[in-house]
There are 4 protein chains.
Amino acid sequence: MAVQKPTQPAPGKPAPDSTRRSEKSRRAIYDAALALVVEVGYPKTTIEGIAARAGVGKQTIYRWWSSKADVLMEAFLDLALREAGPAPYTFPDTGDLAADVKGVLRATVDQMNDPRFDVPSRALAAEGVVNEQLGRELVAKLMQPSLDLYIDRLRAAQDAGQVRPEIDPRIALELFISPLAQRWLQHTGPISHEYTDALVDYALHGLAPR
Amino acid sequence: MAVQKPTQPAPGKPAPDSTRRSEKSRRAIYDAALALVVEVGYPKTTIEGIAARAGVGKQTIYRWWSSKADVLMEAFLDLALREAGPAPYTFPDTGDLAADVKGVLRATVDQMNDPRFDVPSRALAAEGVVNEQLGRELVAKLMQPSLDLYIDRLRAAQDAGQVRPEIDPRIALELFISPLAQRWLQHTGPISHEYTDALVDYALHGLAPR
Amino acid sequence: MAVQKPTQPAPGKPAPDSTRRSEKSRRAIYDAALALVVEVGYPKTTIEGIAARAGVGKQTIYRWWSSKADVLMEAFLDLALREAGPAPYTFPDTGDLAADVKGVLRATVDQMNDPRFDVPSRALAAEGVVNEQLGRELVAKLMQPSLDLYIDRLRAAQDAGQVRPEIDPRIALELFISPLAQRWLQHTGPISHEYTDALVDYALHGLAPR
Amino acid sequence: MAVQKPTQPAPGKPAPDSTRRSEKSRRAIYDAALALVVEVGYPKTTIEGIAARAGVGKQTIYRWWSSKADVLMEAFLDLALREAGPAPYTFPDTGDLAADVKGVLRATVDQMNDPRFDVPSRALAAEGVVNEQLGRELVAKLMQPSLDLYIDRLRAAQDAGQVRPEIDPRIALELFISPLAQRWLQHTGPISHEYTDALVDYALHGLAPR
DNA sequence: ATCTAAACGAGACGGTACGTCCTGTCTTTCG
DNA sequence: CGAAAGACAGGACGTACCGTCTCGTTTAGAT
């Protein structure tokens, strides 16, 4: 009888009972949301449209999500988890840091060029830029796991003497990732394996002559 | 900088005569747009709201701009030009590349922490992520001029033997700028002078031991 | 008076077992329905609201009634029976037709000015105007018993030579009742004892001079 | 520039400028409303449905009317005025009161049996029963003009000595009209010329023997 | 006294309509 | 003719209820 949801103080709403939630509807909503974003773009994707395409009442969306961005984030997260498979997060460690990072970045490049990932994640990124709360959620749920792997790999490289010990891995990884992300988001240049390879070389050895 | 598209022969529309345009209305629209974006955020800023606040008919906006983002981009561009003053774009060259870049990045950091710049430029960046055409315009009009200065300075450093000659300055500058931009846009870490100083050091000397 | 429709062979539904019906729920639903109609008016009275106020599941209402109007009609009928007491329907016969009818009409006037009766019966009357089936039920269950008493009394008056024998009592009673009902429903004039007294005099003696 | 509507204190809304109102839309809305009410009934007639059928935005309805009932009342009033023609309201006076009233009531009966009048006016009557404000408007705009003609005719009959001088015409006319209206609204009996003829005879000569 | 089938409370579901807001177009009036 | 004003068709918003459909949980009759 109790209206559970002890984690949140429940400001006004009675909080729905998640044990009764329809799995079928959730899946249909995820699929509809992702399909619509790819087909018509994020701004023209509407909650009404998602509901109609999923064969679902609007209230079923509003009951479980707070906004269009929220729906899309979960849908995309779900997609990412399904794609990644049961053993999701690993980072190669062949002993050759440059080669390992280049490999991972090439995979990232390939994903950026796949519209199924590109369109929804651009939309989410854009929303996160303007909506700080969503942005933090995005980072925490979608990006942080991958970033942690970078950090681990960089630490291993430090232990192996391939990276200077005073380097902060948290900042170092941005030298690889941020330029790529920026190019991708802002269309400021081609996204290619050559580009990310160069990025790794520049970052590892610096711009100044030795 | 021209607002209307003189390049296009106007397939259906009569194309307004820009010589008769009301300067007062344009200013009022710029001011209203920027104020609203700062006050209520980009998504809640509407064309109707801008028109009402500017004391202007909606048609006056639709006559000269094609979208909310277009209005805001011009308004922000205008703001940037007015702030920069009559001698806008320069990049210091004391001979010490690291110091020069650190100085410029510290100024950028300060601007990012000023809400008058932060809010509108976030909004524009977000819009550009999702709307490629606008994104390209943004880059060309707002960012390219500054980026070119970085490139010039890096080239000078190459001439002075402070940067390896085989380095592509177009990619090199991303090592400074993208991590900062990314942190700023995605709230993934503090934006401080210490951070940008570290960025410059890492980028110039690389992560690997010498 | 039976609630469920034993006459209908239940085309698709299993037909609930009325012997197991919860009397407590029925009472709670009646009370909630009447209270809500008086408090917020008929249009804003909803089945969900009745269920919530009665502490009852919606299905319990849908199981036993077919519509909001149906619920209210039964609730009101129940109220009327409880108010009338165990010996409900009588009509005075003192031998003075005018006085007898005036007395009954005065009681009707008093009831029309009691919100507990006024509000629900207005709502039902309105619904019956638009929904013919409900209208007929209303007339049959709520009004016909009283009307029959009028007819009996008029017949007795005819036998006593106080009413012309060729008069149809079914039409005659409308001369008393309909003007009052009309005024009440349409707010076309004050509802008072003086008014109904005048009505009886006019109807009995006619408008034309003798 | 003034936001007129001096009759109402304009609590919050800016009050639309009626001089700019689209006559075409108004007509389309009237037609759609009347057609829908006749076709699907009042409860299933929705504002969205009217707007869709009229090829009009919902806001155009909400701008000028406050409710579905309000739309329908104006639409019906407009219909009544158009049907009545340019010389609308007259009441025959042949010197024979009974014949004159019978004639008018027969015409009323015929109208009650025409679905184009029956359905919308039932709906309005029902709404007016429950919504007092609307009910008063209905009476004032739709019924009062006709009632006044009855009163005038009855006064003339009093002057001619055909009706007792102490009779209040305002009450007297209800003896003719209310029974008919009540039968019609409540389906309590057939609506026919014979019935109204009898009504007139009963009312004029009374029920009691002379 | 136990079993069992139903009625029950609760409320999620697919829907419809609500009344509001904004879009982008069009029209009227003024300067 | 540009501009202020704002009505218009259209359509998405988020909310409220509709009537249906499960879920456990009483509860009352038959065992």
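Every value quoted in this text rests on a predicted model; they were computed, and no experiment measured them. Chain letters run A, B, ... following the sequence lines, proteins first and then strands; every chain starts at 1.
- Close to F/dA4, at under 4.0 Å from its OP1 or OP2, lies a side-chain N or O of B/T60.
- Within the structure, every pair that satisfies the salt bridge (Lys or Arg N to Asp or Glu O under 4.0 Å) test and touches residues 56-76 of chain D, not counting sequence neighbours, is listed here: D/E48-D/K58.
- With sequence neighbours excluded, the residues forming a side-chain hydrogen bond (donor to acceptor under 3.5 Å, both in side chains) with B/S22 are B/S25, listed by chain and number.
- Taking the side chain to side chain contact (heavy atoms under 4.5 Å, CB included) definition, one finds that A/A28 meets it with A/A54, sequence neighbours left out.
- Annotation: side-chain hydrogen bond (donor to acceptor under 3.5 Å, both in side chains) contacts of D/R21 (sequence neighbours excluded): none.
- Within residues 46-59 of chain A, the residues having any heavy atom under 4.0 Å from DNA chain F are, by residue number, A/T46, A/I47, A/E48, A/K58, A/Q59.
- Listed by chain and residue number, A/E23 satisfy the side-chain hydrogen bond (donor to acceptor under 3.5 Å, both in side chains) test with A/R26 (two or more places apart in sequence, or in another chain).
- Here C/A35 pairs with C/E39, C/R53 under the side chain to side chain contact (heavy atoms under 4.5 Å, CB included) rule; sequence neighbours left out.
- The backbone N or O of C/V56 lies less than 3.5 Å from no partner atom in the side chain of C/T60, so there is not a single donor-acceptor pair.
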Distances under 3.5 Å only, N/O to N/O: pair up the protein atoms with those of nucleotides 25-29 of chain F.
from	atom 1	to	atom 2	distance (Å)
F/dT27	O2	C/R20	NH2	3.3

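- In terms of the side-chain hydrogen bond (donor to acceptor under 3.5 Å, both in side chains) criterion, residue partners of D/D78 (sequence neighbours excluded) are, by chain and number, D/R27, D/R82.
- Within the 4.0 angstrom heavy-atom criterion, base atoms lie near A/R63.
- For the pair C/S22 and A/S25, both in contact range of DNA chain E, the more 5′-proximal nearest nucleotide belongs to C/S22.
- When each of B/E23 and C/S67 is assigned the nucleotide of DNA chain F bearing its nearest heavy atom, the one mapping closer to the 5' terminus is B/E23.
- Closest to the side chain of C/Y62, from the set F/dC18, E/dC13, E/dG19, is F/dC18.
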